[in-house]
J.: 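I have a structure I would like to understand better, so I am pasting it below and will then ask my questions one at a time.
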Amino acid sequence: MISRITSNAMMKNYKSNLMKSTNVLYNSMTQVMTQRKFNSYAEDPAAATQAFQLRRSAWRTESQIENSQTVTHKFNTAYEAVDSIYETVTTITKDETLRALNDPTGGGRKSLGILLDQRAEDLVQSLNAKYGDNFIFAGNDGENVPFSWDEATGQLLYRGVNVNAGSVPEPGQGATQAEIDAYEKDQADLAKLQQMMKETTYVDLGMGLQEDASGNIISTSAFNSALSGLSITGFGVDEEGLPNNVVSIVKELSDILGRCDEDGNWASTEDQERAVALQKKLDTSLGDITSQHTELSTKVSFLNTNEERLKSTADTLNTQIVGVENVDMADAITAMSYAQYCYNAALRVGTNILSQSLIDYMR
């Protein structure tokens, strides 16, 4: 059966086709202007889903890069501070204390005591270095100064706790309550120092951050950015009752030399023996600082390598995003030119199929 061709049917089909040509032209122009393959999820659900996943990964990677840069700058500053501490302790150990102990006349011991007192202050200032608004060597409490001096006792404190904790002997039978209380406080302080040494501040640096069943971060999946000054200086006392903390060693040496008379004579034989023992202890502390110095250097190298890896990942993700979202401009411009040609052709056809009305003949 042959359908009738009427003017109304022709007009209806023409308007429909003209609208299609208009939509195609509009969409092609939009692609050229935005340089995107789609501007809504409905236009291409598969590509939009893929783009969302890629952008989420890119945002996470950018955040990890920012974290890495912050931690790297912090550890670089810490490395420089430890480098300064190492040089100071090396000078004290290899030069100044040896001169004080081996000077045959002893005339310079008192002045060397004053110098060592200043050295102790210099070490504390280096240990109280800041990065931004936070103290570097304060563990996970970067807002408060880590090292300070107890004005009453002259002891060095780390976040309010005596770094030489563990020096009070265990009270025997018949001990007074004051002795028992002093021992218990000393042991509590030692436990606090040991706990502060274990503090962590985990940062996501793109190592697959995960938590265990208890909700705790798995240490191998994140980077611990907490730095404790105790790991550099040491704390507590050894079996002989000598302080493990390098600043305390220097400070005690300063006090011993300060008790010498004007001719450099030791105040007592015990002072002389103690000074010799402390000088040997400095050698051990210098070795510990060297180990921390090397460890910091290794961590800085890791952070730099990790940052380069994250930047490479970010570049790869950006390339994938461009491939999924952006159009090929040559193809897009060609498509727009063709759509413009089709639209113009549709307008030209319209002038042929539309019959002239009585108005067209009126002059």
Side-chain angles (χ1 to χ4, degrees), residues 78 81-94 96-98 100-101 113 116-117 119-129 135-139 141 145-150 153-170 182-199 226-257 270-271 273-296:
V82 173
D83 192 52
S84 174
I85 293 170
Y86 172 79
E87 291 180 358
T88 301
V89 176
T90 300
T91 302
I92 295 171
T93 306
K94 306 299 183 183
E96 294 165 353
T97 56
L98 290 179
L101 296 177
L116 288 181
D117 185 69
R119 293 292 193 194
E121 292 291 342
D122 294 341
L123 290 172
V124 170
Q125 289 177 5
S126 296
L127 290 164
N128 288 339
F135 292 95
I136 298 174
F137 299 110
D141 182 19
V145 60
F147 289 94
S148 60
W149 297 103
D150 188 334
T153 63
Q155 294 287 340
L156 182 66
L157 307 178
Y158 180 75
R159 287 162 57 178
V161 181
N162 181 12
V163 298
N164 297 324
S167 59
V168 178
E170 185 176 359
Y183 174 76
E184 291 179 349
K185 181 181 183 305
D186 183 65
Q187 291 299 305
D189 286 345
L190 182 60
K192 289 179 182 178
L193 294 174
Q194 293 170 341
Q195 185 64 34
M196 286 188 284
M197 271 283 292
K198 301 177 182 178
E199 290 178 343
L227 288 171
S228 174
L230 296 176
S231 63
I232 300 169
T233 64
F235 65 94
V237 296
D238 61 12
E239 296 80 3
E240 299 178 1
L242 296 173
N244 292 324
N245 184 274
V246 65
V247 181
S248 296
I249 296 172
V250 175
K251 182 66 174 175
E252 187 173 348
L253 273 170
S254 169
D255 294 340
I256 292 175
L257 294 175
E270 290 76 11
D271 271 4
E273 293 175 350
R274 181 79 171 179
V276 172
L278 289 171
Q279 201 282 331
K280 293 179 180 178
K281 188 70 176 179
L282 272 177
D283 284 328
T284 303
S285 298
L286 182 61
D288 295 338
I289 294 173
T290 302
S291 298
Q292 292 298 319
H293 192 260
T294 303
E295 183 178 346
L296 272 176

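Quick caveat, the model's predicted, so the values are computed rather than measured. Note that the numbering runs from 1 along the sequence shown for the chain.
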J.: Nearest 0.5 Å please: distance from the NZ atom of Lys192 over to the CG atom of Asn162.
T.: 11.5 Å
J.: Could you walk me through whether Ile232 and His293 pass side chain to side chain contact (heavy atoms under 4.5 Å, CB included), step by step?
T.: CA-CA 8 Å; Ile232 300 169; His293 192 260; over 6 Å; no
J.: So do Asp189 and Phe235 actually touch side chain to side chain, heavy atoms under 4.5 Å?
T.: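 A side-chain contact under 4.5 Å is absent here.
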J.: Taking the side chain as every heavy atom from C-beta outward, state whether Val247 and Val163 have any pair of such atoms under 4.5 Å apart.
T.: no
J.: Could you pull out the closest heavy-atom pair between Leu156 and Ser148, with the gap in Å?
T.: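 Looks like CD1-O, 3.5 Å.
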J.: What closest approach, in Å, do Ala81 and Ala129 show between heavy atoms, and which atom pair accounts for it?
T.: CB-CB, 4.4 Å
J.: When you compare the side chain of Ile85 with that of Gln292, does any pair of heavy atoms fall below 4.5 Å?
T.: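 No. Closest side-chain heavy atoms not under 4.5 Å.
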J.: As an exercise, state the distance from NZ of Lys280 to OG1 of Thr97, rounded to the nearest 0.5 Å.
T.: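 Lys280 atom NZ to Thr97 atom OG1 measures 12.5 Å (nearest 0.5 Å).
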J.: Tell me, please, which residues at least two apart from Asp283 pass salt bridge (charged side-chain N to carboxylate O under 4.0 Å, His left out).
T.: Lys94
J.: Donor-acceptor pair, Asp186 side chain versus Ala165 backbone, under 3.5 Å?
T.: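 Here the side-chain-to-backbone pair does not exist.
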J.: Would you say that Leu296 contacts Asp83 through its side chain, given a criterion of any heavy-atom pair below 4.5 Å between the two side chains?
T.: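 No, too far: nothing below the 4.5 Å cut-off.
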J.: Mind running side-chain hydrogen bond (donor to acceptor under 3.5 Å, both in side chains) on Ser167 and Asn164 for me, showing each step along the way?
T.: CA-CA 6 Å; Ser167 59; Asn164 297 324; over 6 Å; no
J.: Within this structure, what is the CG-OG1 distance for the pair Leu286 and Thr90, rounded to the nearest 0.5 Å?
T.: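 If I round to the nearest 0.5 Å, the distance is 4.5 Å.
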J.: Quick check: do Arg119 and Thr91 have side-chain heavy atoms less than 4.5 Å from each other?
T.: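 Yes, side chains in contact.
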J.: Heavy atoms, side chains only, cut-off 4.5 Å: are Leu157 and Phe147 in contact?
T.: no
J.: Roughly how far apart are Glu199 CD and Leu230 CG, rounded to 0.5 Å?
T.: 9.0 Å
J.: Of the non-hydrogen atoms in Glu121 and Trp149, which two are nearest, and what is the gap between them?
T.: OE2-NE1, 3.3 Å
J.: Just wondering, do Ser285 and Ile249 contact through their side chains at under 4.5 Å, heavy atoms?
T.: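 A side-chain contact under 4.5 Å exists here.
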J.: What pairs with Gln195 under side-chain contact (heavy atoms from CB on, under 4.5 Å), at least two apart in sequence or on another chain?
T.: none
J.: Return the minimal non-hydrogen interatomic distance between Val145 and Phe135, and the atom names on each side.
T.: N-CE1, 3.5 Å
J.: Nearest 0.5 Å please: distance from the OG1 atom of Thr93 over to the CD1 atom of Ile289.
T.: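 Spacing of OG1 (Thr93) from CD1 (Ile289) equals 7.5 Å.
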J.: Under the side-chain hydrogen bond (donor to acceptor under 3.5 Å, both in side chains) definition, can you give me all pairs with a residue in residues 229-244, not counting sequence neighbours?
T.: Thr233-Asn245, Asp238-Lys281, Asn244-Lys281
J.: Under the 3.5 angstrom rule, does the side chain of Ser254 hit a backbone N or O of Val250 as a donor-acceptor pair?
T.: no
J.: For the atom pair OG (Ser248) and NZ (Lys251), what is the distance rounded to the nearest 0.5 Å?
T.: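 Ser248 OG to Lys251 NZ: 10.0 Å, rounded to 0.5 Å.
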J.: If every non-hydrogen atom of Tyr158 is compared with every non-hydrogen atom of Gly229, which pair is closest and at what distance?
T.: OH-N, 3.8 Å
J.: Could you walk me through whether Leu253 and Leu282 pass the side chain to side chain contact (heavy atoms under 4.5 Å, CB included) check?
T.: CA-CA 10 Å; Leu253 273 170; Leu282 272 177; 3.7 Å; yes
J.: Quick check: closest heavy atoms across Pro243 and Val237, and the distance to 0.1 Å?
T.: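 What the structure gives for the nearest pair is CA-CG1, 4.1 Å.
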